[in-house]
Amino acid sequence: MLRAKLNQETARAPWSSLQRFFAQGKVIRVAVGLDLIETALRIARDDTAALGAAIEAGEVGPIPDAEARDWFARDTEVWALVIAPWVLVQETGCTSGSTPTPVHG
């Protein structure tokens, strides 16, 4: 049930519209190839083992300033999902309108 709710709350957004959340340190980047919804579920369930592994691998974490500037300059569109207090973002690469995963691509 939570998975379906999160999927419905996922939306595309221009990176520029998320700047204030980035400035507040509330944005978490999810690498392309990871399931954005599954990552949000892990945060909601406080799955520290799985999250720790993704963080160690550099697949989940804060957006480096240089990457944020690049996204802003290129007017990058991202998938965004709020899992309070965080905003998860993932570069779009999927055109189906569904969660950007290798399966849905």
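Keep in mind that the numbers below use all heavy atoms, side chains included, and drop hydrogens, waters and symmetry copies.
A continuous path of ILVMFWY side-chain contacts below 4.5 Å connects V78 to V27, so both sit in one hydrophobic cluster. When hydrophobic clusters are built by joining Ile, Leu, Val, Met, Phe, Trp and Tyr residues whose side-chain heavy atoms come closer than 4.5 Å, directly or via intermediates, L88 is grouped together with L34.
Scanning both residues, Q90 and L36, for their nearest heavy atoms gives OE1-CB, 3.8 Å. The minimum heavy-atom distance linking W86 with G25 is given by the pair CZ3-O, 3.4 Å. In this structure, E91 and V32 approach most closely via the heavy-atom pair O-CG2, 3.8 Å.
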Working for side chain to side chain contact (heavy atoms under 4.5 Å, CB included), residues W79 and V30
CA-CA 10 Å; W79 285 101; V30 177; over 6 Å; no
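Checking side-chain atoms of E9 against main-chain N and O of I83 turns up no donor-acceptor pair under 3.5 Å. Side-chain N or O atoms of S17 include none that pairs as donor or acceptor with a backbone N or O of A13 at under 3.5 Å. For S16 (side chain) and F72 (main-chain N/O), no donor-acceptor pair under 3.5 Å exists by modelled atom type.
Atom CE in M1 sits 11.5 Å away from atom CG in L6 (nearest 0.5 Å).
A heavy-atom distance below 4.5 Å is found between the side chains of I37 and T10. With a 4.5 Å cut-off on side-chain heavy atoms, E67 and R29 count as touching.
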Show me the side-chain donor-acceptor pairs of residues 41-64 shorter than 3.5 Å, one per line, residues at least two apart or across chains.
residue	atom	partner	partner atom	Å
D47	OD1	A50	N	3.2

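Ring centroids of F22 and W15 are separated by less than 6.0 Å, placing the two rings close together.
Taking R3 as the reference, E38 meet the side chain to side chain donor-acceptor pair (under 3.5 Å) condition, with sequence neighbours excluded. Contacts of Q19 classified as side chain to side chain donor-acceptor pair (under 3.5 Å), with partners at least two apart in sequence or in another chain: none.
Within 6.0 Å of CZ in R74 there are more than 12 heavy atoms belonging to other residues, nucleotides or ligands.
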